[in-house]
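Reading through the structure tokens given below for one structure.
Any value given below was found using the heavy atoms of this structure, including those in side chains, with hydrogens, waters and symmetry copies removed.
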Amino acid sequence: MSELTRNKDWWGTGTPAFPGTVDVVEARPIGNSATRIASLLSGELDLVTEVPMADIARVEKDERFKVEAVPQLRVIFFGYNYLKDKLDSSDADGNPFRALKVRQAINLALDADLIKDRIMRGQSEPTSILSPPGLAGHSLEAAKRPAVDKEKAKALLAEAGYPEGFSVRLDCPNNRYVNDEPICQAAVSMLAKIGIKVTLNALPKDQWGGLVTGKKSDFYLLGFGTPTSDSHFIAGHLLIGGPFHTGYANKKVAELMDQAGKEMDSDKRNAMMAEVFAIARDDAAVAPLHYQMVTWGMDKQLDIPVDPNNLPDFRAAVMK
Amino acid sequence: MISLFIHKLGQLLFVVLATGLIAFAIFSYAGDPVDAMLGDAASEVERTELREQLGLNRPFYLRFGDFMGQAVQGNFGRSFRSNEEISTLLVERLPATLELVLVAAVMTLVLGVTLGLYTGSHRNGWSRFILSASLLGVSMPTFMLGLLGIFLFSVHLGWLPASGRPGTVDIGWWTTSLLTLDGWRGILMPTMTLAVFNLGLYVRLVRAEVLEIRTTDYIKFARARGLSEADISRHHVLPNALSPLINVAALNIGTMIAFSLITESVFQWPGLGLMFVNAIGFSGFPVMAAYFMLVALMFVMLNLIADILLVVVDPRLRRG
Amino acid sequence: MKNLLDNEILQDFLRTPSAILSFLVLLAIIFTSIFAPWLVNQNPFDPLQLDLLNSRLPPVWIDMGVAEFPLGTDEQGRDILAALFYGARLSLLVGLASVTFSFCLGVLLGLLAGYFRGWVDTVVTRLADLQMTIPGLLVAMMLAGVIKTQLPAAIQETVMIYVVILAIGFSDWPRYARVTRSATMVQAGEDYVLAAKVMGAPARTILWRHVLPNVLRANIVIATVGLGIAIMLEATLSFLGAGVPGTTPSLGTLIRIGTNYLFSGEWWTVVFPGLMLILTVFSINILGDWLRDALNPKMEHGHA
Amino acid sequence: MLEIRNLAIEFNSRRGQVKAVQGLSLNVQSGEILGLVGESGAGKSTVGTAIMGLLSAGGQVTEGEILFKDQDLVTLSADALRELRGRKIGMIFQDPMTALNPVRRIGDQLIETIRHALGMSASEARQRALQWLERMGLPEVEKRINYYPHEFSGGQRQRIVIALALCGEPDLVIADEPTTALDVSVQAQILGLIKDLVTETGVGVILVTHNMGVVAEVTDRVAIMRHGQLVESGPTSAILTAPETPYAQMLIGSVPPADKRLRRLPMPDESGALLAATPEAPKSDAGRADILSVAGLEVTYNAGGLFGQRQGFKALKDINFTLKQGMSLGLVGESGSGKSTCARAVVGVAPITQGEVIYQGHNLVGMPEKERRPLRSAIQMIFQDPYSSVNPRMRIVDIIAEPLRFYGIATNKRDIQDRVEALLHSVKLPPEVMRRYPHQFSGGQRQRIAIARTLASKPELIICDEPTSALDVSVQAQVLNLIKDLQDEYGLSLLFISHDLPVVRQMCDDILVLKDGCMVEHAPAEQLFTNPQHDYTQQLLALMPTLGN
């Protein structure tokens, strides 16, 4: 538990950009989401971040509270390991993820809308590309997901040489993203239906993170966003190189990224980025699922803008 | 009696050494501090250097001696995660756990002895009710009880806070909840949750003990001398029941210290147990090891206190 | 065996309604968990059989509930009733296995310590004291926590359950050892043991044929109570996330998952597993309580 | 003072109603000691607790009245009864080790009782307590009044129990087996004390006991009970010398006489007729070979400690004796004398630190187990407590067959069956008992089963460790007769251990007296009884309760 006290001498106090009236903020880390919500409902807290999807309705039903949400600048997706010639956790020969048809089949099997409806309780925006809304490369058209088609997915798997499917382990965090483990469970069930037998390995984020950045994981759930409002950052980390890059390589993408890095004209640059993300989508470089929402529950007396990066800015908080 | 004391001290030393060994084993083999401190990117040269620096190349017994030497001075190293001195963390969180256990222990002992004596000497509806309730109490997992309590008293009725440790007052380095109404409101539910299981056990134990004593010759003899039932209970049953009760009380309080980790994680009570549970989540082995040793030490101290009390209440242990 | 459950105890059982009732409840729980695959039409552990389309359905007696899922479904479309049966199966399995483990270990060490005394006794008693110093929950949490990070993820799934069994089982052996030790000391002083010694019978014959059958009674009572505790401990571990993996949920795991929906109106995901757990442990404890009285020669039933 | 009329008491048990006492009528006068005797299950203790109004739960008086000074105790309220207890009626318990509250000073227990009964102030009560302790013959009472019970010996504790029972100045005292847990020498002192108190205070005493010797020693009148009913009552001397009913005749006849050795104790044989009480002379050792000789035997028990560093306890020091083929040697002593240790040393289950045990030329001390095993079958043992000497979880057939299988005497099922049947026959039990478990038998029957097991390996030497001290006197007589029959039939040699001198006189040809682990006297039986040399032996013989002349 920590306490923040307003700096009385700060220059910004009272300026239109920072209308905040809160003098003291007490921050209480509550890991257990049920307890977090119970504390809000019992009136101990004024603001909770990360309201579990399941509890939104319940908080909204209470007259004293409201729930506000914005999409986060972060895309949730399933990543593949391209680096290994043979996947450690799979019974398949070689690395099935190197086959485009396998990756396409997975895209066709994952029903992001159903996950939105059932698991995210409406609080997500399904997507097929890596760039978050509002950033270069994102458009509704580009993010449109193909219709779910299990038959076609099975056919693609067969064409790729896996008529009986294959097995693989999915490394999934259980305390990192909104509903991370339930999403993975749902995906396991959906992939099972086209013959890919996925074993779920749900881990606390520290252990899971090591598997991903150590490039040991064969198949993983990852969320990636940008602190800079520049989607070049996302593409660079996921498609070109760095701790979160697990071996995807595409000459065209590399060229475009290189050019975009030097391009000063923002329109041209945006067009290049759009192309990069479109190629990655068509190449099924990863299997994007959705953008999660930042959802805060708060006292109706409190006004504070929901931050897409989930960082409350109390300079702007007004308590009526 | 002195030899008994030396014997007990020897036992204490054995337990401290043995738990120290376990803690040390976890500390030094389960998590590689080099990995934790340098990350994956470090080169082999850097690793070797750090190993030298940390003295990890020295023989086992030297390192264990060092570890115990440090531990005795209260130095358990730093947390992998927050890089805080673990001893500081322990001192910060100790009052929360101790108060929780203390209040629960007082509740258990007072109620347990009263109800146990009652059920041991009466065979009526109340007695049967108390016994059934105590059986239900020992059948109810602590975490279920905590969840039920939160659901009922915090969410539905809104009487008690669901989480955290509100209303604390600092007395030197000790923070206490016992001086404010808010503090008591906050500590009530966690302590009750913690106390119920042990209370159930205790009532049954006291009862069994009382029934056992009531069949002895010296109670029959006391009756044959015409002493009143009240006198017999006070002067003959209770004094003889004390020894076993003290033994079990020590065991019970020790169990409660360990069980407090359940209560603390359900109620997000900022004590040692919560720290331990969180540490498991991020593989914080030094924190785990320190907690482990501390709990074992408290347990041993409790037993020592119990042994001293036993000598006080039982004349047979005093001489010879 | 016939002697152990001789007629008097059976008679007493038939005259104790609470014992009969809890026995029947337990029998039903055991039956449903053994025959779960034939009683429900879904295996909740098999992702292939789950369908997100069926998720979050309420129990059948509430609007929108369907008869196919009488107690409703969770977020993944898992049939709660099926999950209960399969979950109880895992809980009972872990409970029985860990009790068996601690029973065997504790009785063996207790026999040796009580019969041979001397240094064997000293070592066993010290170890038991040490083990008692470290509460079972903590041992189990440490073991599970450490092993979880040390094992390669690939075999964790299969190994975790054994780890939990061992961790729980290992934490409870001193209770058996203590009772067995003192009972063995009593039995070893009995003349029939002396008679066997005079005959020249070796220690293992004496322990196996003479002492063991006479110390089992006390241990059976402990084991009954121990089973309830083991099941609760497993549930607690799973609730705290240090137990069996979430893909093969025990009752504790179901409760942990269900807790996330405690406030959202989907109460059935946590209430039913919670009830099942309490019912199981409560029944075991009632039986244990009765057994303790019935096997205690001092307590004549009905009076005393 | 007390008159019991037509009393009946029943108990509820798991098996339904059990009648413990039926149609009992008795009376006690002040200043007299009434002996209430009977064997186990006679209901004698139940009568005592019923008078106190302390029947254990489930027990109730169903008929008759207990008139104490013309007041019916049966119909009295619980509170009124409590008023009487301690003040008017006191009770002395059997076991002084358990009758005192272990965590309270004896002074506090006395003062509490005196204040309650006599309504004295604390300081007066303390004075009175001191007087009582002095009267009980305890030394240094001023200091000892602050002691806890565990700081006293068994005899001293029983004195304190008596003080507690009498300090409320009751008119009637019920003494329930007050000396059964005590050694002979202490027993004599306690009985003397009770007798003195009766003379001094004029209190009436009901002495509940199974011991005929005790009855003869102190009681004025005696009432014999059997199966909850009164068999016979009258002045002690009359009943003991000329009992009228067959049961009383049998009961008194079965008490081993201390003054002569009988061929067999006068018990009914298979036909039901009493055996004749013909005297018999001890056997002579002329021409008999040594079967067992013990020389310089020393047994030391380890005092504990991980490395056994502490000084051990010497249970036996320098024991020497020789037993000839077919004869009986008695080992006699009080508790703690080392007599049982001696038995254990001979069968090889006690830690021998020095000396030799030579059986038919083989020194058993230090002999490897492999060589010893064939000899083990020849040396067997009969134990004291029939409830402890057979494994309660085994069938009779398995108990008796165990040595047969172990020594490989019989291996096939048919053979074992036959032999077990024969063994049962030799201890006079029918073959049907084979399939049953021990708890279905009485103490005497169990002892026969244990003897059958002992005989199974065809032993030559049998060590009898107090084989009858846990048995009722009539059962004791039967078992003693049986052992003698078997000795004659198989030519057995006996090492017979007992604290009971009359029993030893019946059974043994030579007697060895032990005290604190040392030999005190070793002499032929007749000589020891008629002309004891050692002070201790003389003392034992003098204190031995007997039926009188």
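- Taking 4.5 Å as the heavy-atom cut-off, the residues of residues 73-90 of chain D that approach chain B are R82(D), R85(D), G86(D), I89(D), ordered by number.
- Tested against P315(B), the residues R104(D), E151(D), R105(D), H150(D) include a single side chain to side chain contact (heavy atoms under 4.5 Å, CB included) partner, H150(D).
- Using a 4.5 Å cut-off between heavy atoms, L164(D) touches chain B through backbone and side chain atoms alike.
- Annotation: residues 216-229 of chain B contacts chain D through D217(B), Y218(B), K220(B), F221(B), R223(B), A224(B), R225(B), G226(B), L227(B), S228(B) [non-hydrogen atoms, separation under 4.5 Å].
- Both the backbone and the side chain of A99(D) come within contact range of chain B, judged by heavy atoms closer than 4.5 Å.
- Shown here is N124(B), whose CG atom has more than 12 heavy atoms of other residues, nucleotides or ligands within 6.0 Å.
- Of the listed residues N101(D), D108(D), T98(D), the one with more heavy-atom pairs under 4.5 angstrom with chain B than any other is N101(D).
- Interface remark: of the candidates P149(D), G168(D), P102(D), P102(D) forms the most heavy-atom pairs closer than 4.5 Å to chain B.
- For M298(B), the CE atom is densely surrounded, since the number of other residues' heavy atoms within 6.0 Å is greater than 12.
- Side-chain contact check for R316(B) versus V103(D): some heavy-atom pair is nearer than 4.5 Å.
- Proximity to chain B involves both the backbone and the side chain of M91(D), based on heavy atoms less than 4.5 angstrom apart.
- Heavy-atom distances place both the backbone and the side chain of Q109(D) under 4.5 Å from chain B.
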